[in-house]
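Quantities reported herein were computed from a predicted structural model and do not represent experimental measurements. Just so you know, ligand 1 is whichever comes first in the structure, and atom 1 is the first atom listed for that ligand.
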Amino acid sequence: MKRLNLLCCCVASLLLLGTAEEVEDASEPTKRDRSHLESTLKLNEDKPADDFSGVLQRLRKIYHSSIKPLEQSYRYNELRQHEITDGEITSKPMVLFLGPWSVGKSSMINYLLGLDDTPYQLYTGAEPTTSEFTVIMHGPKLKTIEGIVMAADSARSFSPLEKFGQNFLEKLIGIEVPHKLLERVTFVDTPGIIENRKQQERGYPFNDVCQWFIDRADLIFVVFDPTKLDVGLELEMLFRQLKGRESQIRIILNKADSLATQELMRVYGALFWSLAPLINVTEPPRVYVSSFWPHEYHPDTHKDLFLKEEISLLEDLNQVIENRMENKIAFIRQHAIRVRIHALLVDRYLQTYKDKMTFFSDGELVFRDIVEDPDKFFIFKSILAKTNVSKFDLPNREAYKDFFGINPITSFKLLSQQCSYMGGCFLEKIEKAITRELPDLLGSIGLGKKPNVLSCDITGCGENPKNRYKKP
Ligand SMILES: Nc1nc2c(ncn2[C@@H]2O[C@H](COP(=O)(O)OP(=O)(O)O)[C@@H](O)[C@H]2O)c(=O)[nH]1
Ligand SMILES: [Mg+2]
């Protein structure tokens, strides 16, 4: 019903704008005025960027002293392949471009950065062009950096990508561009989804790599064009990976000026129709309908609407830049919540194992029994019941079968034994970081104390702060 309402709404609003004639191809497209880009993104302002170095230092300290010890002790990295590097803590907000091939992702980056007709423009074309993950970041002069070099440099936030193998690193490229916007954000262009291609043909774990970027992106543009609305396996998989990151997703219906109004209306409806089953949230995602390339809009199309949509998208981007510290702290806190739950679970497995072991038992058999059916021993239930853990944050049971396959239970220590006279207990420290230190740090950056958002008392420590961005 909600979907239908929304559809009617869009249809009505588009109708109000009048009908446009069939659009003709302009033979010599003229360049679009870029002044709105510069003013909305404040590219001409010389105001120095806010200095958050003190906050970052504090954040790094909290991570190293209160989160990392537990992460290492319970080998969290083996469960989620996720360890936070210093480069990640200090990195700029990341904007990720996803979607089918040839929908205009690379053109959009070129347009936003004004790279067209410069030596550093990204290659674009009607055929599947980009086969690389391209990271476009700031640098004093134009430079390309090989993936292998980027991954080897631990000061960069991309060093964890090394784990995806050499085949992938050959498909990773960094470009440093001296651009004002890149002083504040980093863009990541991705190869388009090709529905008829098999995973293994890419030679590296495409989904895992996408997931890595999705987990870290501050803003995710999922781009479509009117000719590629079909939903296939790869797109379905992509949306499955986007679960939990709904508040970062913005859907873009690109190349909208290549359609007449009536067609555009139908395409917009069809887009919602195909995506609705894939996005499982009550609030519909924000959709921008416009055309993001440097050429003048086709005549007789809804230029005003497209321009307004473009400006809203730019404002969205500004918000992300403004909220970058808030998001970073929330990201670290969410990580801490997951590490804490993992530690509690491993502790519970270990405690159960110790309780079941007698002098005559075969340790391996006893433990296999527990891992095969943790519910028989109330492992997950006891974590939910005793501590403030949201059931949505509990990892999957199957993952622990693999985890204990490589990490024998006897190699872990109980939480109660992870205390020292001087340093205190690991568990207490991480809980203090989640409930007090990180919310206080958030308060200290002048965004106002938000105990309601980040306090364990109210959220039960497990729930993620909802929609982390202010609405544009
Ligand atoms: N009509 C129209 N064509 C566009 C627009 N943006 C990109 N294109 C064209 O679409 C094709 C694919 O663009 P590209 O950026 O390579 O797509 P990607 O594969 O998603 O990176 C190119 O031929 C572009 O010139 C747009 O806003 N309108
Ligand atoms: Mg491309």
- Item | Stepwise side-chain hydrogen bond (donor to acceptor under 3.5 Å, both in side chains) test for Tyr400 and His342 | CA-CA 10 Å; Tyr400 280 93; His342 170 68; 2.8 Å; yes

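- Remark: Arg397 is positioned above the aromatic ring of Phe380, its terminal NZ or CZ atom under 6.0 angstrom from the ring centre and at most 45 degrees off the axis.
- In terms of N/O distances under 3.5 Å, ligand 1 is approached by Ser107.
- Ring-plane geometry between Tyr204 and Phe168 is classed as tilted, the angle between the planes lying from 30 to 60 degrees on a 0 to 90 degree scale.
- For ligand 1, the polar-atom distance check against His298 finds no nitrogen or oxygen pair separated by under 3.5 Å.
- The residue Asp225 has no part lying near ligand 1, judged by heavy-atom distances below 4.0 Å.
- Considering only residues two or more places apart in sequence or on other chains, Asp117 meets the side-chain hydrogen bond (donor to acceptor under 3.5 Å, both in side chains) condition with Lys31.
- Taking a cut-off of under 4.0 Å to the non-hydrogen atoms of Gly104, the atoms of ligand 1 that pass are 7 (C), 13 (O), 14 (P), 15 (O), 17 (O), 18 (P), 20 (O).
- The distance from the Mg ion (ligand 2) to the nearest N/O/S atom of Thr190 is not under 2.8 Å.
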- Audit row: Tyr63, Glu88, side-chain hydrogen bond (donor to acceptor under 3.5 Å, both in side chains) steps and yes/no: CA-CA 12 Å; Tyr63 174 65; Glu88 254 180 287; over 6 Å; no

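- For the pair Arg340 and Tyr76, the cation-pi test (distance below 6.0 Å, angle within 45°) is failed.
- Per-residue contacts place Ser102 under 4.0 angstrom from the following atoms of ligand 1 (heavy atoms of the residue considered): 11 (C), 12 (C), 17 (O), 18 (P), 19 (O), 20 (O).
- Ligand 1 has no nitrogen or oxygen under 3.5 angstrom from a nitrogen or oxygen of Trp101.
- For Ser290, the side chain to side chain contact (heavy atoms under 4.5 Å, CB included) partners two or more places apart in sequence, or in a different chain, are Phe292, Tyr297, Phe306, Glu309, Glu310.
- In terms of polar-atom proximity, defined here as any N/O pair under 3.5 Å, Lys105 does make such a contact with ligand 1.
- Using a 4.0 Å cut-off to heavy atoms of Phe292, the atoms of ligand 1 that qualify are 27 (O).
- In the vicinity of Thr124, heavy-atom distances shorter than 4.0 Å reach the ligand 1 atoms 14 (P), 15 (O), 16 (O).
- Taking distance alone, with nitrogen or oxygen atoms compared against 3.5 Å, Ser258 stays at or beyond that limit from ligand 1.
- In this structure, Phe158 and Trp212 have tilted ring planes: the angle between them lies in the 30° to 60° band.
- Considering both main-chain and side-chain atoms, Ser291 comes within under 3.5 Å of ligand 1 through a nitrogen or oxygen pair.
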